[in-house]
J.: 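Provided herewith is a single structure, encoded as structure tokens, for subsequent inquiry.
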Amino acid sequence: MSIWRIHGGKSLYGDIKIQGAKNAVLPIMAATIITGCETELINCPQLSDVEAAMSILRHLGCIAQRDGDTVYINSHGMCRTDIPHELMREMRSSVIFLGAILARTHEAKMSYPGGCELGPRPIDLHLEALRSLGADIYDSGGCLHCSDRGLHGTRINLSFPSVGATENAMLAACAAEGETVITNAAREPEILDLQEFLRKLGVSIHGAGTPTITIDGFKPRSVVGHRVMTDRIASATALCCTASSKGCVTLKGVVPAHFETVTDALEYMGCDIERGRNSLKITAEKPLRAPKPIVTRPYPDFPTDAQPLLMAACLKAEGTTVFTENIFENRYRHVVELKRLGADISVVGRVAMVTGVQKLVGAQVSSADLRGGAALVTAALGAQGETVVYDAGHISRGYEGLSEMLISLGADVSVTSED
Ligand code: UD1
């Protein structure tokens with residue numbers, strides 16, 4: 001078990017480079033199998049989810065190798081169409097491979113992704129989109145069997161702008177005959193990065209970043225290179241850590257527009273924010289006040305992934321912050337742990353009310369999920385004394401070198417692996 005020990009109360013100062021985006025690299029890795037091409041992906045974070053995606057690619061018969069932050073994939077030799085249960089279980093978002101495998105081989109078999117730490121994880125919208133493109137899908141004993149006799153372009157109207165369903169539809173539509181139009185598509189920046197990669201693959205696609213994405217035609221290329229976008233949630237994490245501990249930190253290589261709702265909230269709370277073209281500086285020296293109500297919704301609204309992080313940064317802010325979590329049913333598991341540090345939080349259904357306290361005191365806490373784990377670290381940086389975060393392995397699913405980064409900024413953090 002991975003355990004973090006944090007002695008709070010040290011302010012953070014310095015410059016940091018933010019990692020490549022987990023949620024961008026995973027669908028791009030799936031997209032590499034659409035043709036048998038060679039791909040070089042630069043700025044790939046070293047994360048357990050990325051390693052899991054590489055294992056899936058190898059299982060399918062592709063070559064997937066890492067050299068530093070570059071991942072090389074050659075999908076020419078792809079010879080399987082199934083993903084075994086162990087690999088599906090390792091990374092729940094592996095369902096993103098469904099559209100890509102179907103596009104390449106016209107058949108796919110994988111176990112049904114179960115629920116996850118955040119609550120049920122239905123894939124009805126993914127399946128509906130693939131069916132409307134012409135896929136025949138049935139479920140037998142918890143296993144999904146998909147096949148098609150040639151996918152055809154169509155109009156797909158998503159009833160909710162699901163990120164994963166949009167990506168799956170984009171990937172399968174690459175192999176469809178004729179034009180596909182996806183309406184009410186997710187608009188997250190990661191969807192734009194996928195579009196950019198698909199264009200490099202030779203796909204004629206436009207509209208990503210708006211609610212309507214059109215895919216029409218594919219002239220496959222054999223060698224593709226791509227630099228993965230910077231992780232906007234890792235950026236938000238660094239900002240919230242600085243707000244919690246106080247200090248002054250500059251994020252390099254970021255796109256400030258990607259996490260504007262988070263910086264706007266922090267600015268309202270009393271942090272000074274200086275936005276550059278590819279950098280952002282936060283100065284958190286004044287006492288904080290509660291931000292306006294935070295409501296999570298699809299991009300460009302406030303991201304659900306940043307909700308636990310901002311909550312951790314609000315624990316000592318004067319006044320009451322009201323959070324409404326609209327995306328995932330079970331995304332307040334960090335609350336009970338934050339309360340162990342002395343936080344004043346009450347939850348009723350989707351709403352959490354955080355009333356600022358004078359001080360937080362270190363405690364023993366357990367991480368239940370990725371962003372919840374990072375939220376405990378964020379809060380611990382602003383607490384007096386030692387906080388021990390158990391089950392912190394979740395954190396490595398989404399952050400590369402988070403402890404090293406915090407240490408480089410002056411935090412007192414150590415991470416051990418214990419049985
Ligand atoms: C992605 C991100 C995740 C982020 C989420 C929302 C990746 C790898 N993960 O997850 O970090 O928190 O977007 O921004 O990119 N839903 C359905 N049916 C479906 C699909 C989704 O009901 O077929 C529901 C989900 O249960 C959830 C909501 O829609 O309540 C949002 O899910 P979705 O946008 O699909 O998130 P993911 O793609 O799974």
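These figures come from a predicted structure and were not determined experimentally. In each ligand, atom 1 is the first atom listed, and ligand 1 is the first ligand listed.
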J.: Using heavy atoms and a cut-off under 4.0 Å, could you grab the residues that are in contact with ligand 1, chain by chain, numbers ascending?
T.: Asn23, Ser93, Pro120, Arg121, Pro122, Ile123, Asp124, Leu125, His126, Phe160, Ser162, Val163, Gly164, Thr304, Asp305, Ile327, Phe328, Arg331
J.: Among all residues two or more places apart in sequence or in another chain, which pass the ring-ring contact (aromatic ring centres under 6.0 Å, His included) test with His76?
T.: none
J.: Testing the 3.5 Å rule here: is there a donor-acceptor pair between the side chains of Gln307 and His334?
T.: yes
J.: Go through the structure and list residues passing side-chain hydrogen bond (donor to acceptor under 3.5 Å, both in side chains) with His85, not counting sequence neighbours.
T.: Ser111
J.: Would you check if the side chain of Asp193 reaches a backbone N or O of Met229 as a donor-acceptor pair within less than 3.5 Å?
T.: yes
J.: List in chain and number order the residues that pass ring-ring contact (aromatic ring centres under 6.0 Å, His included) with His226, two or more places apart in sequence or in another chain; answer none if no residue qualifies.
T.: Phe197
J.: Does Gln46 offer a backbone N or O that forms a donor-acceptor pair with the side chain of Glu400 under 3.5 Å?
T.: yes
